[in-house]
There are 2 protein chains.
Amino acid sequence: MTAVTRTKWLSASEMRAWLAYITTSSDLQRAIERDLEPFGLDGGDYQLLAMLSDAPDRRMKMCDLADTLRLSRSGLTRRMEGVMRKKLVERVQSESDKRVAYAVMTKKGMNLLTKVAPHHVASVREKMIDRLSDGEIRALATAFEKIAAGLNVDH
Amino acid sequence: MTAVTRTKWLSASEMRAWLAYITTSSDLQRAIERDLEPFGLDGGDYQLLAMLSDAPDRRMKMCDLADTLRLSRSGLTRRMEGVMRKKLVERVQSESDKRVAYAVMTKKGMNLLTKVAPHHVASVREKMIDRLSDGEIRALATAFEKIAAGLNVDH
DNA sequence: CAAAAATAGTTGCGAGCGCAACTATTACGA
DNA sequence: TCGTAATAGTTGCGCTCGCAACTATTTTTG
């Protein structure tokens, strides 16, 4: 962005896309999170469990987990309190580097995720994916990949 | 969603779209809000001012404002405290219906929005719009309009 | 190798927001 | 018309989360 910003307003088409995106994305997120509530999980818990389930040995360094979840270190500490209280995840101190701790998904956590995931996928389909054409899905993927590339979320 | 959910997983293409969307949208929102901070506004303040600036007489009933901003009543009450402290918005009691209060943008609020809006638009362009082709922008608009139609955000 | 810097994680604090409960006012139904 | 229901808004409370400050460990560097 230049020092003196020469304003180039959004065209009608651009405005339509921006407004549709900005208003709908928050509604969509709420709707999908609401479908998780019956299982005693919120969106943050689910994301955490999903990340761990994909990781080798179902464990991740707190540090890396915070980055992928877009949480601050302290934010992850607090969220871990919640899932640990529910016995879905354990905290394990590293032997090699005594600074680091691992978040490790428990059997109970894995069982819960296995139970919830199909409902979550169904929810994502119902609210979003199944409403879009193949072309729209491809366009969405490339569009957000381009946007992500431009954001260079540091490191 | 049926009672017994028959899981139909996401295809590779669908998963790509979903992941790109879900990870990027949160980064995008943060990036755009960060560009507002130098002006002493956060995303919520900007949205509030933008809605008021579009309304007749730059005023809206608290109630309607809360709905369009996707805030609870109490959430709006608290957010109003902030923008009122900054003298950007005033709270005006209605004469005809003594239950309702209007949020009215002040001259100062209007001046600030006029100053900030070009930077915000530039930010939205830089982070999102200008990175997309015309086709992608059209696809995004129709895609999110379809999604919104399926969410029927009650009221 | 000692001192400085980087890294991992936790804690205190404050901001934002939703829910439930409450007050005040208006609309409605018998 | 009176009583009930609906509507508008605020307040108390709790949750999530980021920032700044802090501790505890490496890692780097002169």
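Chain naming here is simple, since letters A, B, ... match the order of the sequence lines and numbering starts at 1 in each.
- In this structure, A:K61 reaches the C:dA8 phosphate: one of its side-chain N or O atoms is under 4.0 Å from OP1 or OP2.
- Here A:S96 lies in heavy-atom contact (under 4.0 Å) with sugar-phosphate atoms only.
- Between the NZ atom of B:K98 and the C1' atom of D:dT10 there is a distance of 18 Å, rounded to whole Å.
- One can place CG of A:L69 at 10 Å from P of D:dC17, the figure rounded to the nearest angstrom.
- DNA chain D is contacted by both B:E81 and A:D45; B:E81 maps to the nucleotide lying nearer its 5′ end (nearest heavy atom per residue).
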**Asked** Can B:R16 and A:E145 be said to form a salt bridge (Lys or Arg N to Asp or Glu O under 4.0 Å), step by step?
**Response** CA-CA 9 Å; B:R16 192 178 139 231; A:E145 282 164 1; 2.7 Å; yes
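- Taking the six-membered ring where the residue is Trp, A:H119 and A:F39 present tilted rings, their angle falling between 30° and 60°.
- At D:dG18, one or more side-chain N or O atoms of B:R30 fall inside 4.0 Å of OP1 or OP2 (strictly under the cut-off).
- Spacing between atom CZ of B:R99 and atom C1' of C:dT25 amounts to 5 Å, rounded to whole angstrom units.
- Residue B:V100 places its side chain closer to D:dG9 than to any other of C:dT26, D:dG9, D:dT16.
- Ring orientation note: the planes of A:Y21 and A:F144 are tilted relative to one another, at an angle of 30° to 60°.
- Of the candidates D:dT16, D:dG18, D:dT10, the closest approach to any side-chain atom of A:R79 belongs to D:dT16.
- Residue-level contact check: B:L76 touches neither bases nor backbone, having no heavy atom under 4.0 Å from any strand.
- Atom CD of A:E33 is separated from atom C1' of C:dC17 by 13 Å (rounded to the nearest Å).
- Within the structure, every side-chain polar atom (N or O) of A:R73 is placed at least 4.0 Å from both OP1 and OP2 of C:dT10.
- Taking the six-membered ring where the residue is Trp, B:H120 and B:Y46 present tilted rings, their angle falling between 30° and 60°.
- A 6.0 Å sphere centred on CD of A:Q93 holds more than 12 heavy atoms belonging to other residues, nucleotides or ligands.
- The CZ atom of B:R34 sits 10 Å away from the P atom of D:dC19 (whole-angstrom rounding).
- Between A:R91 and C:dG9, a side-chain N or O to OP1/OP2 separation shorter than 4.0 Å is absent.
- Atom P of nucleotide D:dC15 and atom CG of A:L41 are separated by 17 Å, given to the nearest angstrom.
- For the pair B:R78 and D:dT11, the criterion of a side-chain N or O lying under 4.0 Å from OP1 or OP2 is not met.
- Phosphate contact (OP1/OP2 of C:dC17, side-chain N/O of B:S74, threshold under 4.0 Å): absent.
- Here D:dC19 presents its P atom at 12 Å from CG of A:L71, a figure rounded to the nearest Å.
- A:Q47 places its CD atom 11 Å from the P atom of D:dC17, with the value rounded to the nearest Å.
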